Each structure stands twice: as structure tokens, then as C-alpha cells.
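For the numbers below, each heavy atom of this structure counts, side chains included, while hydrogens, waters and symmetry mates do not. Each ligand, and each atom within it, is numbered from 1 in the order the structure gives. The structure presented is a predicted model; accordingly, all values stated were derived computationally and were not measured. FYI, the numbering just counts along the sequence from 1.
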Amino acid sequence: MDDAGSAQDPILDFDPDALRERYRQEREKRLRADGEAQYIEVAGSFARYAEEDPYADPSFTRAPLTDEVEVAIIGGGFSGLLAAARLREAGVDDFRIIEAGGDFGGTWYWNRYPGAQCDIESYCYLPLLEELGYIPKEKYSYVGEIFEHSQRIGRAYGLYDVACFQTRVNQLSWDEGLKRWRIQTNRGDDMKARFVIMALGTASRAKLPGIPGIETFEGHSFHTSRWDYGYTGGDTTGGLTGLNDKRVAVIGTGATAIQCVPFVGKYAQHLYVFQRTPSSVDLRGNKPTEPAWAQSLQPGWQRARRHNFADIVEGRPFTEDLVNDSWTDIFRNLASGIAAAMARGEKLTPQEAAKKAELADFAKMNKIRARVDEVVKNPDAAEALKPWYRQFCKRPTFNDEFLPTFNRPNVTLVDVSESKGVERITKSGVVANGVEYPVDCIIYASGFEISTAFRRRIGFDINGRGGLSLYDYYKDGFRTLHGHSSRNFPNWFYIGVGQNGLSVNMTAMFDDQARHIAYIIQEAKARGAVTVEPTAEAEEAWVEVIRSVAIANRDFQNACTPGYYNNEGGERSGGLNGQTYTPGINKFNALLAEWREKGDLAGLELRTE
Ligand code: NDP
């Protein structure tokens, strides 16, 4: 590694043992016996928090569909759009996109809260930039531009003609007689498809905190993924004047709250932010795109940039940091002690390397905590806003307005860590630490079904050959070949997180998965196959690969403060990351590229009748 400034040992101006102990205590303080069960599924009497679509035409109707397509793509967010685009490029045109929203965009269709912004550099994050000849306006795009980009993809690839919007899948079942998937929806459809691509995204189902009394609140309330501009006024860029005379509670301080709290704080009469675990909030430093830089880009630039970003965030050697932002700074830091040792010609054991990374992690988190002290004037609030855990115990966040919001006289931080969350909700307020805070509105920034049971995350039944439920098949964890398909579920493909290379840059990860699946479908068709699915041996072998690489990561997660990365501190499977291919996205993509290169579809069983 010859990146300037990275080959340095961190300055040891702290006591690592004391930090380890503090992290342990902070984890213990937040562990709850009910783990994932503390969250309420947004269903039944809570359904309104996620099922109402503020953007679509409520009077929309259409006749039920009973026709057949070659490929049904479930989901019209970036992963579904990428699946469609890559299918078109592979010459597969007979497909349909089934989407619950009234337009494309997925997460960016639903999450239109004020300040919503991609937190990975937009030149890496927004898909198909080169294909569409589009350069984002800023280094980190806001939701308006991202949503428009998803519409741009829809238009460019002719996807509006094949979209079934405002349609939710209720059930997916394999019909062995027909050798087709049957897709039942909330619109009475019974569609058939030869292939199905699941492209539901990783955070498509909102969840609520199971706070006692939540159902008794008589004021206004909504989840951030269904921002109620009718109530707050304004739009994604601000102007929330409807809150001028309102006392507002925001519950949660994850990546979403970090972005929307500055806007609520600016407009609300009073804002109470209820925080259980502080986020690590690093610099954002957004800036407009430089036209000269944009013009200098050469063909292949986006793929190269994504590859470079992934190399850095996976701790691999690199010669240049193209993105050069707070994400890459974290990883350059983590690798700095290791790089310094290597530069001195030292050979490190994995344990020694892990120790060096831990020291660099402590040093970086000390900087994050020091930043809180620099910005937040109230010492109690500053103390409470400091995160005491390792980077990547939770998703790091980046924002330049969140911390200063706590210097406003109309904003109060309420630390609910001692009670492991908000104590209670009454008909007129939120109770924490024995004090009732009367509020007119509660905004739940409480996140999504990301690591809860797979059935909860997907939201509908999937039955394969012989009626086998996917959820029964996965009861001890995913069972896939390369994360994309499973035995007994013919012609069924999954885009998302699970037994594949995980990237913080999700859209790049989805793109490579989409290309790979399009290749398999194209090949299956070309070889006259009626069905394609993994062999039992190949699937088992891949599950073993995943088990063998997941262990180190699991140890890391089990020492972390609870959250969706580690099943709320549970040890069931090592959490969201416990089942992924830990050598990383670039290694995983290289492995799949080599697999495609061989051309023998190894590990897949193709049946021609
Ligand atoms: P998170 O799950 O990250 O945050 C939920 C918040 O609610 C946490 O702070 C949690 O505290 C808090 N909470 C839960 N239960 C309670 C309770 N009983 N009392 C008090 N607080 C409670 O959800 P987000 O929507 O913020 O983010 C989800 C993910 O979406 C992100 O991690 C990121 O991957 C993605 N995202 C990406 C963005 C981007 O820019 N690309 C922007 C926003 C989100 P605790 O931590 O203690 O559990």
C-alpha cells in the first residue's frame, strides 16, 4: 500500500483496556432479553405506518392479471431496475416488474423524509451512470435527484411499459405441473412466470419499537419511511412550517434520524430526540460536481471507481483513493497500523493484524467523540451523544448539521439508554427516565426489518417444489449457491444480502448480482432448460464456504453494542453479516466472473423436461 499518509501507527494517547471495558459496559447496558422481539411488525392495527402510500393515486384500479411472462421481477427499486436492465442487455425482454409503490425508486420512492441523501458517494452509488450518460450534481445526492434517476432508468430501458405498480405480492408458489411460478397479489392477480427474481431491497419493511402504550397515543405519528408532509408542510428540502407550533418527538438516532433531525429541529416549536444508542457521526463535506472532472472521465470509470472504493473498504492494497471521503478515511485508518508494520518489513499474524486494527479503531472513535465535544455546547448532551463501540458495530453516519442541532434552544436530547429504550408512550406524550414529555407528534425513526426473521423481512410466503416453504428451508440459515438461488426452488433468484459478498455500496453489489442472474437465465434459455436450480452438493459446499469464513466476523459482532448488525446482540447467527462471504465483494465478484468464464454452469442442475 503506498497511499500517502496511511502507513502510520496510531498515536497511543489512550488506554485500550479502559476503552475495551467501557465498550463492554455500554453493550451490557443495552442488551435486552427480548432481542429482536422488542420490535413490532407493521401489520394489523399498526399497518397504517407503512401501508399507506402518500404518493400514489388511491383510486387506481385495474383488472386482475392471469397471464404469463418469462421473468417476473418483484421490486422496482434499484435492484429490480438493475435486474431489468441487465436482462435487456442479455437479450431477455419478456419480463414484468411488480412494485408496491406507484413508481420506481424503492427505498428512494418511500423514504422521502427531509434531508434524505445517499451516504455513499453518488458517483459510486447511483447505478448505470455511464450507460445513461448522467453525472450526479453533487458528491452526495439528495433523494429528489436519486428518485429522478430511478425514473430515468425506467424510461431508458422501457420499463414503464412492463411495470405493475401499486401491486403487492401476497404469495409465490411453484407449480410443478406447469413448471411455472404462480404469483398472487393484493390486486387479485394470479400471474405465471417461468423465472422469478426477488429484488425487494434490504430495508423495505418498516418496523416500530414495541414501547408499552404505543397504541394509546392520540396525537399525530408516522414512520420516517412515510413522511407526512400534509402534516409537517414543506418537502424533502425543508420548509416544514406545519411544525412551527408543534412539540415533536423523534424516536431513534440511526442513519435516518441523523439526516432528518436537523430539519425537524429547525422548524419544530420544540424537538425532543429520544436516543438509546448514539450514532457515530463523521464529516460529510458535500460539494457540487466539478464540470472539468466530470468531463475528464474515461469509459469504464464507474466500475473502476466502485472497485477502488471496495478495495479500500475491504482493507486491500491500493495505490490511489479515488473517492477520498469519510468512508475511505475510516478504512485507511483501520489499515494504517498494519501498513506501517508492513513498511517496516514486519510479518503480522492475523491476531496481530486484528490488534492493530482495533487500536486504529479506538483512535478513530476517539476522534468521532472529540468532534462531539467540539460541536455540542451543552456538556450533558455532548456526553450522551458520544458512541462507545467499534466502527461497524453500527452503520457509521456522516452529517454536518446533526450535532449542531443540539445547540438550538428548542431541541432537547433525551438519553434513554439506562432504560434500554423509551419507557412508555401515553395518550399525549413520551415517558423517559420517569418524566413525561408532552408532544403533538411522534416521528418513528426506528428503522426496518433488516435482520429479523426472513419471513418478516420478505412479508409473503414462498413455496417451492412440493409446497416446501422457503422459510422452513432456511430455518437454520440461508442455504444457497452463491447467495442467488436454492435447491427445491427452481428458476428462483434472489438479489440482496445473504451468502454473497456484502458491500456498503449496495447498488454496486446489486448490479453484479443482477448481471450474474441475467447470465444464468440467458444461458438456461440458450441450453433449452425448463428449470435451473443448484445441485444439493453445490449448495452444501457453498454453505460450508460461508460457515468457514463467517467465524471471525461473528466474534467481532458478538462484542458489539446491540443492533440489527448482530441480531440485537443475540448470538444466533452472528447477525446480518454473519452469513456473508467475508473475503468481500471484489473477491466474490472475481469468483463469480471466473465461474462464468468457465461456461459450464458448475453446481447448477438444468432440466430440459
Ligand atoms: P436504524 O435501525 O439504524 O435506527 C433505528 C433507531 O431507533 C436506533 O437509533 C435505535 O436505537 C432506535 N430505537 C429502536 N427502538 C427504540 C426504543 N425502544 N427506544 C428508543 N430508541 C429506539 O434505522 P434507520 O432508519 O436510521 O437506518 C436503517 C438503515 O437504512 C441504515 O443503517 C442504513 O443502512 C440505511 N440508511 C441509509 C441511508 C443512506 O444515506 N444511504 C440513510 C438512512 C438509512 P438502538 O441503536 O439503540 O437500537
Verdict with reasoning, D511 to R303, per salt bridge (charged side-chain N to carboxylate O under 4.0 Å, His left out): CA-CA 10 Å; D511 194 4; R303 197 159 178 79; 5.1 Å; no
Evaluation steps, salt bridge (charged side-chain N to carboxylate O under 4.0 Å, His left out), between D321 and R332: CA-CA 9 Å; D321 179 355; R332 280 188 275 119; 2.7 Å; yes
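Residue K394 places a heavy atom less than 4.0 Å from ligand 1. At a 4.0 Å cut-off, not a single heavy atom of G563 sits close enough to ligand 1 to count as contact. For the pair Y113 and ligand 1, a heavy-atom separation below 4.0 Å is found. Between Q259 and ligand 1 there is a heavy-atom distance shorter than 4.0 Å. Ligand 1 lies out of reach of Y140, whose nearest heavy atom is not under 4.0 Å from it.
R371 places a side-chain N or O within 3.5 Å of a backbone atom of V281 that can act as its donor or acceptor partner.
Between R305 and E130, none of the side-chain N atoms (NZ, or NE/NH1/NH2) sits under 4.0 Å from a carboxylate O, so this pair counts as no salt bridge.
Heavy-atom proximity to atom 40 (O) of ligand 1, evaluated over E423, Q117, E449, is greatest for Q117. Proximity annotation for atom 45 (P) of ligand 1: of D119, T277, N111, I258, T277 comes nearest, heavy atoms only. Of the options G447, G569, P387, the smallest heavy-atom separation from atom 1 (P) of ligand 1 is shown by G447. Around atom 5 (C) of ligand 1, the closest heavy atom drawn from A445, P562, A203 belongs to A445.
Not one N or O of I450 is nearer than 3.5 Å to an N or O of ligand 1, by distance alone. Residue Q38 has no N or O atom closer than 3.5 Å to an N or O atom of ligand 1. Note: an N/O pair closer than 3.5 Å links T253 and ligand 1 by distance alone.
Each of F448, F217, Y444 was checked for a ring pair (Phe, Tyr, Trp, His ring centres under 6.0 Å) with Y49, and the lone residue meeting it is Y444. Between Y55 and the options Y109, W108, F104, a ring pair (Phe, Tyr, Trp, His ring centres under 6.0 Å) holds for only Y109.
Relative orientation of the F222 and Y231 rings is perpendicular, given thresholds of 30° and 60° on the angle between their planes. Classified by interplanar angle (parallel below 30°, tilted 30° to 60°, perpendicular above 60°), the ring pair H270/Y272 is tilted. Ring geometry, F454 versus Y474: the interplanar angle falls from 30° to 60°, so the pair is classed tilted. Using cut-offs of 30° and 60° on the angle between ring planes, the pair F309 and W327 is perpendicular.
Protein heavy atom closest to atom 15 (N) of ligand 1, with residue, atom name and distance, is R276 NH2, 3.4 Å. For atom 31 (C) of ligand 1, the nearest protein heavy atom (residue, atom name, distance) is Y564 OH, 3.4 Å. For atom 12 (C) of ligand 1, the nearest protein heavy atom (residue, atom name, distance) is G252 CA, 3.6 Å. At the shortest separation from atom 18 (N) of ligand 1 among protein heavy atoms lies P209 CB, 3.6 Å.
T289 and Y123 share a donor-acceptor pair across their side chains, judged by distance under 3.5 Å alone.
Within a 4.0 Å radius of atom 43 (C) of ligand 1, the protein contributes one or more non-hydrogen atoms. For atom 9 (O) of ligand 1, the nearest protein heavy atom lies closer than 4.0 Å.
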